[in-house]
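Every heavy atom of this structure was used, including side-chain atoms; hydrogens, water molecules and symmetry mates were not. Reminder, nothing fancy here: chain letters follow the sequence lines and each chain counts from 1. Keep in mind the model is a prediction, meaning the values are calculated, not measured.
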Number of protein chains: 2
Amino acid sequence: MPPFDLARPGKSGAVDIHPCGACPVRALTVCAALEEEELSRLADIVHTHRVEGNQTIFSEGDTAANMFNVTAGSVKIYKLLPDGRRQITGFLFSGDFMGLAVNDRYAYSAETVATTSICRFPRRKMDQLMDEFPKLQRRLFRLASNELAAAQDQMLLLGRKTAKEKIASFLVMLAQRAVRRGQRDNPVHVPMSRADIADYLGLTTETVSRTFTQLKSSGAIRLLEGSKVQITDTGKVYEMAEGG
Amino acid sequence: MPPFDLARPGKSGAVDIHPCGACPVRALTVCAALEEEELSRLADIVHTHRVEGNQTIFSEGDTAANMFNVTAGSVKIYKLLPDGRRQITGFLFSGDFMGLAVNDRYAYSAETVATTSICRFPRRKMDQLMDEFPKLQRRLFRLASNELAAAQDQMLLLGRKTAKEKIASFLVMLAQRAVRRGQRDNPVHVPMSRADIADYLGLTTETVSRTFTQLKSSGAIRLLEGSKVQITDTGKVYEMAEGG
DNA sequence: CATTTGCTTTGATATGGATCAACACAGAGG
DNA sequence: CCTCTGTGTTGATCCATATCAAAGCAAATG
């Protein structure tokens, strides 16, 4: 499939400039750091895009020309081994930020999960704004710190949790993030495929499927229409997530 | 074992104020961002400590009152599950920075591997300096970005690599970090125990031991005196690390 | 010097999750 | 309506790594 091309947004992604002042996820993200005047400066450099599911936003090793903010939908970021083994290192939802670079290159690839809206900021202009507005810089630092903490949780999961604990943790994570965005946490919306979940949790699709079935049989969850999972025994699921 | 108590350094760790200007690892760390005057301001708030091996520096959940810089030796940072399963999320060496916090709490525990020297900066004063010197803030942001990239590499390792690939990656990582500190990369110094390596790579001590033995038998490495590992077939080891 | 203690290595066996294989199911396209 | 295609589920078997057990070895202790 051809990658979503940000340089020619008219082709596979429609550009529609919308005012940051009315942005529904503003409070959640970098932009929360900014006053009116600063925000308008940010609005000057931003482009918003709408992208279909399973489109590449950027690839590991690309020159990191932009930073992004997800405003709706979801994105997966991942790394590959030469033989194709894949590790998804994170799922992003509205309000989440991505595009941190090392040596001006993206350290991972990013792909949409389903139809997604993103804001794009040219990195060079973003750097200028950071110099001008230390608050912005500080906000980004804090976001990076939080991501780092999340990454460490994920390492604990990957290195030391069982399949059942991994799935439970995954559901809890999705629920908690839904709450943070002001959405309902139960039933949990699980928009990604079994294959994506497997590559996020260090499992295979079969094991993911079987584990969902087990949780269902044990009465901990129920699988609903539209990629929703109802957590019927919250205590049990939360306990499992912590390795109880 | 009683934790190393930073509040009473005379007890288990000796304080010796040394001038940052003469710091041997200055170029490697946060301090590289700073001019003379700024550096002296940093020197005003720093305390240096010498800590024995296997001493706790801080624990997950503690109020994050300080930030630290390792100037010699090595430190492991880790998270625990309630039943004691442990995931080491990183090893730190001279020049490395630690103490990023979320909600003013440390997100992980830190313990020395062997005798280690660290500088301690009170967080509140560090925050003030960051406001005063944007360069410092920017430097910390860049360090956090690098750590995030390293964390993603580690997720790929934990989720998708075999035991042999994990050990090879581990040796390569140690070698590359030694080079960055200006030390020789072969033989590699491996100061940590088999148990620590296991908890870093998501394995058991037995598997770590067996895998070292295999690599030795296959002629890829040789185990030397003093926790040193000679990489005798660099090509093979690097290839293995990438999953070749 | 003998003893204890804490690693590390090695061996035997078990098992959680991978792999291989088949089928079910829903949406898309002809 | 039927076929095709992608995704998910379920079953049978396998294997990489865990677990359980014992022994080797070196540094610390008395």
Side-chain angles (χ1 to χ4, degrees), chain A residues 1 52-54 76 81 83-88 111 113-115 157-170 190-218 221-229 240 243, chain B residues 1 52-55 76 81 83-87 111 113-115 157-170 190-218 221-229 240 243:
Chain A
M1 111 200 24
E52 300 298 304
N54 282 301
K76 58 198 176 202
L81 287 172
D83 65 0
R85 278 175 284 173
R86 182 178 68 151
Q87 179 65 40
I88 292 182
E111 228 178 278
V113 170
T115 302
L157 177 147
L158 290 169
R160 290 301 181 217
K161 288 187 182 175
T162 65
K164 211 185 272 190
E165 290 164 357
K166 285 175 176 182
I167 296 286
S169 302
F170 179 63
V190 184
M192 59 290 289
S193 70
R194 295 288 182 255
D196 282 351
I197 298 172
D199 282 349
Y200 180 61
L201 299 178
L203 300 169
T204 57
T205 53
E206 293 94 329
T207 300
V208 170
S209 180
R210 279 187 242 274
T211 307
F212 270 112
T213 306
Q214 274 176 248
L215 290 179
K216 196 175 60 174
S217 313
S218 78
I221 64 172
R222 221 174 332 158
L223 302 181
L224 308 181
E225 290 289 287
S227 315
K228 293 249 191 317
V229 176
M240 251 188 280
Chain B
M1 109 199 24
E52 301 298 304
N54 281 301
Q55 302 290 306
K76 58 198 175 202
L81 288 172
D83 66 0
R85 278 174 286 171
R86 181 178 68 152
Q87 179 66 40
E111 229 178 276
V113 170
T115 302
L157 177 147
L158 289 169
R160 289 301 180 215
K161 289 187 184 177
T162 66
K164 211 185 270 189
E165 290 164 356
K166 284 176 176 181
I167 295 287
S169 303
F170 179 62
V190 184
M192 59 291 289
S193 70
R194 295 287 183 255
D196 283 350
I197 298 172
D199 282 349
Y200 181 61
L201 300 177
L203 299 169
T204 59
T205 54
E206 292 94 329
T207 299
V208 170
S209 181
R210 279 186 243 273
T211 307
F212 270 113
T213 306
Q214 275 177 248
L215 290 179
K216 196 175 61 175
S217 313
S218 77
I221 64 171
R222 221 174 331 158
L223 303 179
L224 308 180
E225 290 288 288
S227 315
K228 295 249 191 314
V229 176
M240 250 189 281

Is the phosphate of [N] approached by [X] (side-chain N or O, under 4.0 Å from OP1 or OP2)?
| X | N | answer |
| --- | --- | --- |
| B/Thr205 | C/dT8 | no |
| A/Thr207 | C/dG17 | no |
| B/Thr213 | C/dT9 | no |

Please report, rounded to the nearest Å, how far the [atom2] atom of [N] is from the [atom1] atom of [X].
| X | N | atom1 | atom2 | result |
| --- | --- | --- | --- | --- |
| B/Glu225 | C/dT8 | CD | P | 14 Å |
| B/Ile197 | C/dT9 | CD1 | C1' | 14 Å |
| A/Arg194 | D/dG6 | CZ | P | 19 Å |
| A/Gln214 | D/dT10 | CD | P | 11 Å |
| B/Met192 | C/dC7 | CE | C1' | 16 Å |
| A/Lys164 | C/dT15 | NZ | C1' | 15 Å |
| B/Arg85 | D/dA18 | CZ | P | 13 Å |
| B/Lys166 | D/dA16 | NZ | P | 14 Å |

One should report the stems of DNA chain C, each a stretch of at least three consecutive Watson-Crick or G-U pairs at distances under 3.5 Å, as C:1-30 with D:1-30

The nucleotide from D/dT19, C/dT8, C/dT19 with an atom nearest the side chain of B/Thr204 is D/dT19

Protein heavy-atom contacts under 4.0 Å, written 5' to 3' over nucleotides 21-28 of chain D as B (base), S (sugar-phosphate only) or - (none), form the string --------

* Asked: Could you walk me through whether B/Phe170 and B/Val190 pass the side chain to side chain contact (heavy atoms under 4.5 Å, CB included) check?
  -> CA-CA 10 Å; B/Phe170 179 62; B/Val190 184; 4.2 Å; yes

When A/Arg160 and A/Leu223 are each assigned the nearest nucleotide of DNA chain D, the 5'-most assignment goes to A/Leu223

| task | Taking A/Glu52 for its side chain and A/Ala114 for its backbone only, find out whether a donor-acceptor pair lies under 3.5 Å. | result | no

Do the side chain of B/Arg85 and the main chain of A/Arg160 share a donor and acceptor less than 3.5 angstrom apart? yes

